[in-house]
Amino acid sequence: IPIARNWNQIGRAILGDWQLSGITRYQTGPYFTVNGNTSIGSRRADYLGGDVQLDDWTVQRYFNTAAFAPAPATQRGNSGVGIVQGPPLQLWDISVRKEFKPRERITVRVQADFFNVFNKANLRAPSTDASSLSFGAISSSGPGRNIQLGLKVTF
């Protein structure tokens, strides 16, 4: 970061020559298959019709649960594989660092790493078990903001 380029020596030493790097990741949500338990085991649920994705979803109801029912024990379910798209992922990781040379053979590196810097709630998979009471609900999310500070002295 080329700030403080024309400042005096003390200003340049403190505020100049900082390094900034980062990683941004955007991912669409993964696809999930809706299953249901029967008396003879777990199998795909029956698709009853209607839109699967909701425009005004909540964490208690991420997709249209009324479009599915557990399949009868005498037949296989007819819902498609990967019919429900899960929530997307958005992560911003940023690192800021600077090296100082207080003496000829000594280097001091100060670093701060920010993971999920904007503290975006990255929701995990919804429950796709049509036999469950939590069917269609999201019960977890990815980690929140995490900050890591570091100091490295090389001599």
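What you see below is based on every heavy atom in this structure, not just the backbone, and it leaves out hydrogens, waters and symmetry mates. In this text, all values refer to a predicted model and were calculated from it rather than measured experimentally.
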Engineer: Between A130 and P70, what is the shortest heavy-atom contact and its length?
Structural biologist: O-CG, 3.9 Å

Engineer: If Ile, Leu, Val, Met, Phe, Trp and Tyr residues are connected whenever their side-chain heavy atoms lie under 4.5 Å apart, and connections chain through other members, are L20 and V117 in the same group?
Structural biologist: yes

Engineer: From L54 CG over to N64 CG, what is the distance, rounded to the nearest 0.5 angstrom?
Structural biologist: 5.5 Å

Engineer: What about Y62 and F32, are their ring centers closer than 6.0 Å?
Structural biologist: no

Engineer: Are V110 and F114 connected, step by step, through hydrophobic side chains (Ile, Leu, Val, Met, Phe, Trp, Tyr) whose heavy atoms are closer than 4.5 Å?
Structural biologist: no

Engineer: With sequence neighbours excluded, what pairs up with S21 under the side chain to side chain donor-acceptor pair (under 3.5 Å) test?
Structural biologist: R97

Engineer: Is atom CZ of F118 surrounded by more than 12 heavy atoms (other residues, nucleotides or ligands) closer than 6.0 Å?
Structural biologist: yes

Engineer: Got a second to check how far W18's CH2 is from K98's NZ, nearest 0.5 Å?
Structural biologist: 7.0 Å

Engineer: Under the side-chain hydrogen bond (donor to acceptor under 3.5 Å, both in side chains) definition, can you give me all pairs with a residue in residues 145-155, not counting sequence neighbours?
Structural biologist: D113-Q148

Engineer: If every non-hydrogen atom of G49 is compared with every non-hydrogen atom of A67, which pair is closest and at what distance?
Structural biologist: O-CB, 3.4 Å

Engineer: If every non-hydrogen atom of R124 is compared with every non-hydrogen atom of I138, which pair is closest and at what distance?
Structural biologist: O-CG2, 3.6 Å

Engineer: Return the set of residues passing side chain to side chain donor-acceptor pair (under 3.5 Å) with Q90 (not counting sequence neighbours), or none when no residue passes.
Structural biologist: Y26

Engineer: Testing the basics here: between R43 and G77, what is the closest heavy-atom pair and its distance to 0.1 Å?
Structural biologist: CD-N, 4.5 Å

Engineer: Can you confirm whether L151 is buried at CG, in the sense that more than 12 heavy atoms of other residues, nucleotides or ligands lie under 6.0 Å from that atom?
Structural biologist: yes

Engineer: Using atom types as modelled and distance alone, determine if a side-chain donor or acceptor of T33 lies under 3.5 Å from a backbone N or O of V81.
Structural biologist: no

Engineer: Side chain to side chain donor-acceptor pair (under 3.5 Å) with S141: which residues, sequence neighbours excluded?
Structural biologist: none

Engineer: Hey, could you give me each pair passing side-chain hydrogen bond (donor to acceptor under 3.5 Å, both in side chains) that has a residue in residues 45-59? Not counting sequence neighbours.
Structural biologist: none

Engineer: Write down the atom of A112, the atom of L149, and the distance for their closest heavy-atom approach.
Structural biologist: CB-CD2, 3.7 Å

Engineer: Kindly compute the distance separating OG (S95) from CD (Q19), expressed to the nearest 0.5 Å.
Structural biologist: 8.5 Å

Engineer: Are V59 and V34 in one and the same hydrophobic cluster, where Ile, Leu, Val, Met, Phe, Trp and Tyr link if side-chain heavy atoms are under 4.5 Å apart?
Structural biologist: yes

Engineer: Please report the interatomic distance CG(N35) to OG(S127), rounded to the nearest 0.5 Å.
Structural biologist: 10.0 Å

Engineer: Does the pair F68 and I83 meet the rule for a side chain to side chain contact (heavy atoms under 4.5 Å, CB included), with working shown?
Structural biologist: CA-CA 11 Å; F68 301 96; I83 197 169; 3.8 Å; yes

Engineer: Shared ILVMFWY cluster between V96 and V108, side chains joined below 4.5 angstrom?
Structural biologist: no

Engineer: Heavy atoms, side chains only, cut-off 4.5 Å: are P87 and P126 in contact?
Structural biologist: yes

Engineer: Considering non-hydrogen atoms only, spot the tightest contact between L48 and A69 and give its length.
Structural biologist: CD1-CB, 3.9 Å

Engineer: Could you state the interatomic distance from CG (L91) to CG (L89), rounded to the nearest 0.5 Å?
Structural biologist: 4.5 Å

Engineer: Under 3.5 Å, is there a donor-acceptor pair between the side chain of N116 and the main chain of P143?
Structural biologist: yes

Engineer: If two hydrophobic side chains count as joined below 4.5 Å and joins carry through other members, does F100 share a cluster with I106?
Structural biologist: yes

Engineer: Please check: side-chain N/O of T38 versus main-chain N/O of G41, any donor-acceptor pairing under 3.5 Å?
Structural biologist: yes

Engineer: For atom CG of L133, is the number of surrounding heavy atoms from other residues, nucleotides or ligands below 6.0 Å larger than 12?
Structural biologist: no

Engineer: Quick check for you: to the nearest 0.5 Å, what is the distance between E99 atom CD and K101 atom NZ?
Structural biologist: 8.0 Å

Engineer: Which pairs count as side-chain hydrogen bond (donor to acceptor under 3.5 Å, both in side chains) when at least one residue sits in residues 70-81, sequence neighbours excluded?
Structural biologist: none

